[in-house]
Amino acid sequence: MAEKITPREVDYSQWYIDIVLNAKLADYSPVKGSMVIRPRGYAIWENIRDEFDRRFKETGHENAYFPLLIPMSFLEKEAEHVEGFAPELAVVTHGGGEKLEEPYCIRPTSETIIWSMYRNWIQSWRDLPLLINQWANVMRWEKRTRLFLRTSEFLWQEGHTAHETEQDAREETLRMLEVYRDVVERHLAVPVIPGIKSESEKFAGAVETYTIEAMMQDRKALQAGTSHFLGQNFAKAFDVKFQNRQGELEYVWATSWGVSTRLVGAVIMTHSDDKGLVLPPTLSPESAVIIPIYRNDSKAAVLEFSNRLQQDLKSQGFRVILDSDDSNSPGWKFAEWEMRGTPVRIEIGPRDMQSGQVIMVRRDSGEKIAVPVQEAGARLKMLHEEIQHALYARAKTFRDEHTVPVSSFDDLIAFFGAESAGTAEAKGGFAESLWCGSAACEATLKEKTKATLRCMPLDRQHGIAGHCAICGAPARHRAIFARNY
RNA sequence: CGGGACGUAGCCUAGGGGCUAAGGCGUCUGCUUUGGGAGCAGAAGAUCGGAGGUUCGAAUCCUCUCGUCCCGACCA
C-alpha cells in the first residue's frame, strides 16, 4: 500500500479514484457499473445512515421495506415518471425458468409500488399523515459510472409521505430538506445550498424538486440530496383518495425525498487532500490511532504506556486503534493512517513518555500538539470538535470564494471558460445570476458552457430586480449555475 | 451508446513474431531496525484480460469480445 496518490492538480478524477481504492473504501466489481463497498467505505456509510435514521425517527417517520421488483405496468401509470425512468430500467423477464406474463423492473425508486400499497392503507383523514421511510438498494442502468458518485446499483433511503393537505405536504418537503441540510452540514461538514430545481431539472413525476447542492474541490457541483413535493400526481395515478374532515373524497398529497451513498463521494471530494482521505471525526470509523515509537531498550515501556492510554481513551467512549505492528516503521504508519483519513494520530515515544505527554497530530492541518497524558481524552474531544468545524469552514470558504455574481452572458462564458466548454477542465465555480425562468436560456448556457441550473437558492429570491443574465429579459429568479457531477 | 487511450504477478512498467516473459514496488521467511513510507539475505507469485484466427512458432499480427479511464450523448 505504498502507492502514491495522483495529486489533484495533475488529474482530479484520478486523484478521487486513487483515494477510494487506496483507502479501501470501495472496489470495482465483476458486474459492470456496480461497485463493491468495502468495510471502511461501508463503515462511513453506516455513520451517515445512522445519523439520518435518528433524525427521521425524531421527525416522526417509521422504517418499512417494499419489494425490489416492481411490475412494469406500475411505472407506466404516471406519465412523466415512466418517461423519466424508462431509459435506465433493468427488467426481469424470466422467473423459475419460465417467461413472466408481466415483466418486472428492478426498482429505480419506489414511488409506484409504495403508492399501490398506500391505496389500501389510506381511507380517512385519520390515516394521515403516513410517514414512511425505506433503506434500500435501487438500480438505474447508468451509461457512465463513477465510484460512489454514480453507480448502477446504489444504497439510499427514500421517504414517502402522504398528507391531508397541500400545505402539510409542502411543509414536509421543506422539513426534510432542512434535515438534509443540517445533517450534511453538521455531520458530514459539507456546506450546501438549499434551493429549488428548475422545471427541466426536477424529478420525473414531481411538482417541485428541492435540492441541496455542494461544491467539490474542482469547483463542480454535486447534488447531495433531493426532496420532492409530488402534489397529487401519484395519488391520482394510483387512485389514492381519502375522506377529508368535511366528509368529501379527495386525493392524497405526497412527498418523497432521498439521499444516497453518493454522500460518501461528497465527503471524500470535499475534504481530502493529496495525502489521502480526510474524514470529519463524526464519520471516521476510528477516533484516533496510537503509533508507538521505540528502540529495543524502550519497546516494552512504550507499548505498556500506549496500551494504558488506549484503554483509558476507550473507557471514555473513543474508538482508538493501537498500531503496534512491528513490521512497519513509524513513518510508514504515519503515511498509511493519513491515507485512511483517521482524524487524529497520537505519537508516543520515549521522550514523550519521560515528560508524561503524547503528541497529537491533526489529519486536516498536520498540526502537532503536545498533550499531558492525563488530559488526552479531553483534548481529543476538543480536537475532534475543532477539526469538524475547521473542515466545514474550509469547505465553505472555498465555495464562497468560487461563488461569483455574474450578470451578462459574455461574463458567464468568460466565467466558465469558452475555451474549456465541452471539456472537464476545472474552471469557474458557482455563478449566481438572475434568470428569466425560460428553459431555452438554460439550454443555451448548457450548450455553450456545460453549466446547468443547479438550483434557485431559497434564501436569495427576495428583491429580484434586473435582467436575465442569458437573454436580457426581465428576471424572475436568482439561480446558481455550475458544471456538475 | 459514439470517439479516444489502455489492459503483461497484488500494483507500476519493459518486451511489438523465435530459447525458461524482464525489472521495480508490494507480499512471505529470517536477522537487524524504528520521531515521516528503513537495511541485508532468501523465497513465493504470470495459462501476458477473454475467445477465435494467421503461422513451424503469438504477449507480439488479425477479428471479435470483456473491462477500466478520459471526452461526448444520456442522467439521479
Side-chain angles (χ1 to χ4, degrees), chain A residues 1-6 11-18 21-22 24 27-35 81 83-89 107-109 138-154 156 158 197 200-206 209 211 213 221-226 228 256-263 265 275-276 291-299 302-303 323-339 345-353 358-359 361 366 368 370 420-425 446-447 450 452 484-485:
Chain A
M1 195 46 60
E3 293 107 59
K4 289 288 179 217
I5 289 167
T6 305
D11 185 340
Y12 190 80
S13 288
Q14 192 58 49
W15 165 81
Y16 174 75
I17 293 162
D18 287 349
L21 296 179
N22 285 319
K24 296 189 172 120
D27 207 348
Y28 294 108
S29 82
V31 181
K32 187 181 169 70
S34 293
M35 66 172 178
H81 194 64
E83 193 189 327
F85 283 105
E88 38 186 302
L89 289 181
R107 61 181 165 220
T109 179
V138 287
M139 175 161 277
R140 300 175 186 178
W141 212 261
E142 298 289 349
K143 309 271 188 190
R144 192 173 163 192
T145 57
R146 291 168 75 86
L147 295 166
F148 285 113
L149 299 179
R150 176 174 281 107
T151 48
S152 289
E153 181 184 358
F154 57 94
W156 78 343
E158 44 182 328
K197 289 283 187 186
S200 43
E201 298 280 341
K202 76 175 189 189
F203 176 74
T209 289
T211 176
E213 297 283 327
L222 184 76
Q223 181 173 300
T226 47
H228 314 292
S256 70
W257 26 274
V259 296
S260 72
T261 36
R262 169 181 272 191
L263 285 175
K275 290 178 176 177
I291 298 182
I293 299 156
Y294 45 75
R295 299 177 177 283
N296 275 339
D297 57 358
S298 52
K299 178 174 175 178
V302 170
L303 281 181
D323 186 353
S324 55
D325 183 350
D326 246 357
S327 60
N328 293 125
S329 69
W332 191 91
K333 292 174 187 174
F334 295 168
E336 177 67 14
W337 288 99
E338 278 165 358
M339 190 175 60
R345 171 175 82 235
I346 303 175
E347 303 177 8
I348 301 178
R351 296 202 296 266
D352 305 309
M353 225 172 52
V358 300
I359 304 294
V361 185
K368 297 190 173 194
S420 64
T423 75
E425 186 191 331
K446 184 175 182 183
E447 193 198 327
K450 311 303 297 175
T452 54
N484 73 301
Y485 278 97

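A salt bridge is defined here as a Lys NZ or Arg NE, NH1 or NH2 lying under 4.0 Å from an Asp or Glu carboxylate O, and A:E213 with A:K197 meets this definition.
Between the A:Y16 side chain and the A:L147 main chain, a donor and an acceptor come within less than 3.5 Å of each other. Here the side chain of A:K333 pairs a donor or acceptor atom with the backbone of A:D323 at under 3.5 angstrom. Without hydrogens or angle criteria, A:R295 side chain to A:P350 main chain gives no donor-acceptor distance under 3.5 Å. Counting only distance, with no hydrogens or angles, the side chain of A:R150 and the backbone of A:T145 share no donor-acceptor pair below 3.5 Å.
Comparing the same atom, P, in B:rG37 and in B:rG10 gives a spacing of 28 Å after rounding to whole Å. Atom C1' of B:rC64 sits at a distance of 35 Å from the matching atom of B:rG24, rounded to the whole Å. Comparing B:rC19 with B:rC56, their C1' atoms are spaced 15 Å from each other, to the whole Å. Nucleotides B:rC75 and B:rG16 place their P atoms 47 Å apart, quoted to the nearest Å.
In this structure, the CD atom of A:E88 is 14 Å from the C1' atom of B:rA73, given to the nearest Å. Rounded to an integer number of Å, the gap from A:W337 CH2 to B:rG35 P is 19 Å.
Cation-pi geometry between A:R345 and A:F334 is satisfied (NZ or CZ under 6.0 Å from the ring centre, within 45° of the ring normal).
Closest contact between the side chain of A:K368 and the listed nucleotides B:rG36, B:rG35, B:rG37 involves B:rG36. The side chain of A:E142 lies closest to B:rC75 when the candidates are B:rC75, B:rG36, B:rU34. Considering only the side chain of A:K143, B:rC74 comes nearest among B:rC74, B:rG35, B:rG36. Among the nucleotides B:rC70, B:rG35, B:rG36, the one closest to any side-chain atom of A:S13 is B:rC70. When each of B:rU34, B:rC69, B:rG72 is scored by its nearest atom to the side-chain atoms of A:R144, the top-ranked nucleotide is B:rG72.
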Task: Criterion side chain to side chain contact (heavy atoms under 4.5 Å, CB included) on A:E153 and A:V31, from CA distance to verdict - done: CA-CA 10 Å; A:E153 181 184 358; A:V31 181; over 6 Å; no

Between the protein and nucleotides 29-33 of chain B, are there any N/O to N/O pairs under 3.5 Å, and if so, what are the atom names and distances?
{"residue": "B:rU33", "atom": "OP2", "partner": "A:N296", "partner atom": "ND2", "Å": "3.1"}

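Judged by closest nucleotide on RNA chain B, A:K299 is the one of A:S29 and A:K299 placed further toward the 5' end.
For RNA chain B, if you chain together Watson-Crick or G-U pairs that step i with j, i+1 with j-1 and so on, the runs of at least three with distances under 3.5 Å are B:1-7 with B:66-72, B:10-13 with B:22-25, B:27-31 with B:39-43, B:49-53 with B:61-65.
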